[in-house]
Amino acid sequence: MSRIPLIAGNWKMNGLVADATALAQGIAAKAKAAPALGCQLLICPPFPLLGVAATAVAGSPVAVGGQDCHAKVSGAHTGDTSASLLKDVGCSYVILGHSERRTDHAETDSQVKAKAEAALAAGLVAIVCIGETLAQRDAGQTIEVNTSQLRGSLPAGANAENTVIAYEPVWAIGTGRVATPDQAQEVHAAIRAELIKLIGADEAGKMRILYGGSMKPDNAAQLIALPDVDGGLIGGASLKVDDFWAIAQAAG
């Protein structure tokens, strides 16, 4: 089944106003000059840079997303940001349950699910992240961990239009290590098989599953060509226009 690849850049906690402006403008210029590109592009800057990024990519095919949101619409939640506010400042996506959030902030599957449901209610597309640690992989728990996280984190009402899954082997994030094509395809296929149980074969067949473990220009084409890999959640390589664009070209 044909799925349009999504190349999503997670800028994490990087960049100042000038950096963000130049990076976003550079990606937007590349995208506007290649209208036939066969993938969708997304950048997810730190919260204070969302307005800057949205202005910089206005009029281009590049979408903007947040890196997290709160489960509540508003209230006494100092330091948090609501999904509705993300939508209001120009976001169309939000990354949820990234391994760094699960580790640094002890986020649980149920919390990720609640945030994802808030995102859907606000009209955002939720990118729900799952993935195993090196210890879990070495213990032979890769499929069990990922399918369990998927069951616990998938929002009610999830479908191929409002939800994307990102598989990020934790041991491959920012380490330069990458899952082999066989390893990546095995997990992506298992995720899709679990999605069939959860949302039915039709929606599962249309839902995009991204690979998120050190995808770079030199390995992107091989990974994206796999049957169940539908793009990438890009970290370090999304901070350089040429690298991000090379991955986009590999996908499109």
Side-chain angles (χ1 to χ4, degrees), residues 3-15 23-24 26-27 30-31 34 37-46 61-67 93-103 125-134 137 142 145-146 149-150 163-192 207-252:
R3 294 178 292 268
I4 300 173
L6 173 64
I7 304 301
N10 177 13
W11 294 6
K12 305 189 180 184
M13 197 177 71
N14 292 295
L23 180 55
I27 293 169
K30 295 274 192 183
L37 188 68
C39 66
Q40 294 178 338
L41 299 178
L42 169 66
I43 56 174
C44 298
V62 182
V64 176
Q67 296 179 12
Y93 290 78
V94 60
I95 299 168
L96 298 168
H98 191 280
S99 63
E100 290 156 5
R101 298 289 310 179
R102 290 178 184 264
T103 300
V125 176
I127 300 178
V128 178
C129 301
I130 58 176
E132 83 282 3
T133 64
L134 182 59
R137 172 166 281 276
T142 296
V145 167
N146 281 281
Q149 287 185 357
L150 179 64
T163 305
V164 174
I165 305 301
Y167 165 57
E168 39 164 22
V170 179
W171 48 271
I173 298 173
T175 64
R177 296 181 60 179
V178 184
T180 67
D182 285 347
Q183 288 173 328
Q185 173 55 25
E186 177 189 25
V187 180
H188 278 243
I191 292 169
R192 200 172 304 282
M207 186 171 286
R208 291 177 290 186
I209 307 172
L210 311 183
Y211 175 78
S214 294
M215 182 179 284
K216 298 177 181 178
D218 61 358
N219 62 30
Q222 186 178 31
L223 288 164
I224 295 170
L226 296 170
D228 288 295
V229 176
D230 308 309
L233 181 59
I234 317 300
S238 71
L239 300 175
K240 297 180 180 178
V241 173
D242 289 343
D243 285 355
F244 190 66
W245 186 248
I247 295 172
Q249 288 181 303

Original post:
Any side-chain heavy atom of Tyr93 sitting closer than 4.5 Å to one from Leu6?
Top reply: yes
Original post:
Hey, is CD on Gln185 packed in by over 12 heavy atoms from elsewhere, all under 6.0 Å?
Top reply: yes
Original post:
Which value, rounded to the nearest 0.5 Å, describes the distance between Asn219 atom CG and Ser214 atom OG?
Top reply: 8.0 Å
Original post:
How about Gln67 and His98: does a side-chain donor come under 3.5 Å of a side-chain acceptor?
Top reply: no
**OP:** Taking the side chain as every heavy atom from C-beta outward, state whether Val145 and Thr133 have any pair of such atoms under 4.5 Å apart.
**Re:** no
Subject >> Between CZ on residue Arg192 and CG on residue Leu150, distance to nearest 0.5 Å >> reply: 11.0 Å
**OP:** Flag yes if more than 12 heavy atoms outside Lys240 fall under 6.0 Å of its NZ atom; otherwise flag no.
**Re:** no
Original post:
Which heavy-atom pair separates Glu168 from Cys129 by the least distance, and what is that distance?
Top reply: OE2-CB, 3.5 Å
Subject >> Shortest non-hydrogen contact from Asp228 toward His188 >> reply: O-ND1, 2.9 Å
Original post:
Of the non-hydrogen atoms in Ile247 and Pro217, which two are nearest, and what is the gap between them?
Top reply: CG1-N, 3.8 Å
Subject >> Side-chain touch Glu132/Asn146, heavy atoms, less than 4.5 angstrom >> reply: yes
Subject >> Flag, side chain of Ser238 to backbone of Gly235, donor-acceptor distance under 3.5 Å >> reply: yes
Original post:
For Ala248 and Leu41, which heavy atoms make the closest approach, and how far apart are they?
Top reply: CB-CD2, 3.6 Å
Original post:
Does CD1 in Ile4 sit with more than 12 non-hydrogen atoms of other residues, nucleotides or ligands closer than 6.0 Å?
Top reply: no
Original post:
Is any side-chain heavy atom of Ile127 closer than 4.5 Å to a side-chain heavy atom of Leu42?
Top reply: yes
Subject >> Gap between atom OH of Tyr167 and atom CD of Gln183 - 0.5 Å precision >> reply: 7.5 Å
